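Data block below; observations after.
Note that the structure is a prediction, hence the values are computed from the model and not measured. Heavy atoms only: backbone and side chains are in, while hydrogens, waters and symmetry mates are out.
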Amino acid sequence: MPKKKNKNKDGKKPFHRLHAHANPLADKFFEYPARPDAMDWKKLYPALPNPSVDFVDIGCGFGGLSIALCQEFSTSVVLAMEIRDKVVDFVQGRIAKLREEQPDKYQNVACIPCNCMKNLPNYFIKAQLSKMFILFPDPHFKHSKHRLRIITPTLLAEYAYFLRPGGLLYTCTDVEELHQWMVKCLEEHPLFRRVSEEKLAEDRAFQLVLSASEECKKVDRNGKPKYPAVFERITDPN
């Protein structure tokens with residue numbers, strides 16, 4: 001019986017089942033630079049003269065948000081990061097197909113495999129980023145697994161380091177308990193302040209957070225609520 005062709009590289013969803021999440025503590029090898037200045041960003045953004053990532057989509061899934069962001073913010077450089085290698089293959093294929101079809105667009109978005117709980121310091125320098133997105137992360141429901149959540153006090157210290165003052169961290173989930181956890185961690189951190197609903201009403205990126213990702217659309221189809229929150233990186237009071 002002939003094997004089915006894997007169509008990930010063509011930008012079509014894979015025919016096989018994919019896990020919704022992956023264990024960030026698993027002994028899984030990813031290639032990554034020894035330090036940020038060793039990263040060759042031109043390989044990911046060949047059409048840009050001097051690419052410098054300023055938007056990061058952590059756990060990008062099938063790339064819907066990242067692709068929407070690159071269109072809405074054409075002067076920004078968007079990096080989608082995902083721990084599941086087969087999903088990375090799909091997103092990379094999707095971007096390649098879009099670039100082929102419209103060479104004057106989609107040059108400011110790329111996707112790489114990354115364990116973001118471990119390797120963000122290998123890619124980014126202090127105050128490099130203006131926006132970070134963490135949408136529908138693994139809730140890790142068991143109390144013993146809470147340390148594996150992508151937002152913890154320890155990881156927030158890293159995110160604050162990479163975000164420039166005035167930068168924004170966007171979160172969204174369909175799990176209310178996880179939303180409350182993330183908000184509590186961020187509200188207790190001295191370098192983050194929650195953005196008001198009035199300001200978010202004028203935030204173009206926030207509107208995409210609520211509508212652009214595949215997971216977000218799935219939640220809407222199922223009639224479930226979404227729980228977003230956005231926090232601003234403030235200047236160190238000390």
**OP:** Evaluate side-chain contact (heavy atoms from CB on, under 4.5 Å) for Leu135 paired with Glu215, printing each intermediate quantity in order.
**Re:** CA-CA 8 Å; Leu135 273 57; Glu215 190 66 27; over 6 Å; no
**OP:** Could you walk me through whether Leu120 and Ile58 pass side-chain contact (heavy atoms from CB on, under 4.5 Å), step by step?
**Re:** CA-CA 10 Å; Leu120 290 184; Ile58 293 178; 4.1 Å; yes
**OP:** Please assess Tyr32 against Asn115 for the test side-chain contact (heavy atoms from CB on, under 4.5 Å), listing each intermediate value before the final yes or no.
**Re:** CA-CA 10 Å; Tyr32 52 85; Asn115 185 337; over 6 Å; no
**OP:** Show your reasoning for whether side-chain contact (heavy atoms from CB on, under 4.5 Å) applies to Gln71 and Tyr106.
**Re:** CA-CA 7 Å; Gln71 297 174 278; Tyr106 306 104; 2.9 Å; yes
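Partner of Phe231 under the side chain to side chain contact (heavy atoms under 4.5 Å, CB included) criterion, chosen from Leu168, Leu186, Leu191, Thr171: Leu186.
Salt-bridge check for Glu214 with Lys218: failed, with every basic side-chain N at 4.0 Å or more from each acidic carboxylate O.
Nearest approach of Cys114 to Met81, heavy atoms of both residues: SG-CE, 3.5 Å. Nearest heavy-atom pair, His189 versus Ala160, reported as atom, atom and distance to 0.1 Å: CE1-CB, 4.3 Å. Residues Ala212 and Lys217 share a closest heavy-atom pair of O-CE, 3.6 Å.
By the criterion of side-chain heavy atoms lying less than 4.5 angstrom apart, applied directly or through intervening Ile, Leu, Val, Met, Phe, Trp or Tyr residues, Ile151 is grouped together with Val175 in one hydrophobic cluster. Both Val230 and Leu210 are part of a single hydrophobic cluster, where members link through side-chain heavy atoms under 4.5 Å apart. Residues Val109 and Leu98 are members of one and the same hydrophobic cluster, defined by side-chain heavy-atom contacts under 4.5 angstrom among Ile, Leu, Val, Met, Phe, Trp and Tyr. Hydrophobic clustering places Val219 together with Leu65 (ILVMFWY residues linked when any side-chain heavy atoms are closer than 4.5 Å, directly or through intermediates). Met117 and Leu178 fall within a single hydrophobic cluster, where Ile, Leu, Val, Met, Phe, Trp and Tyr are joined by side-chain heavy atoms under 4.5 Å apart, directly or via other members.
Within the 3.5 Å criterion, the main-chain N or O of Phe62 finds a donor-acceptor partner in the side chain of Arg94. A side-chain donor-acceptor contact under 3.5 Å links Arg149 to the backbone of Pro139.
Applying the 6.0 Å contact sphere to CD of Glu202 captures no more than 12 heavy atoms from other residues, nucleotides or ligands. Applying the 6.0 Å contact sphere to NZ of Lys42 captures more than 12 heavy atoms from other residues, nucleotides or ligands.
Not a single ring-ring contact (aromatic ring centres under 6.0 Å, His included) links Tyr45 to another residue, sequence neighbours left out.
By the 30° and 60° cut-offs, the orientation of the rings of Phe55 relative to Phe73 is perpendicular.
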Sequence neighbours left out, cut at 3.5 Å: what donor-acceptor pairs do the side chains of residues 125-134 make with other protein atoms?
unit_1	atom_1	unit_2	atom_2	d
Gln128	OE1	Ile125	N	3.1
Gln128	NE2	Val53	O	3.0
Ser130	OG	Asp54	O	3.3
Lys131	NZ	Tyr170	OH	2.9

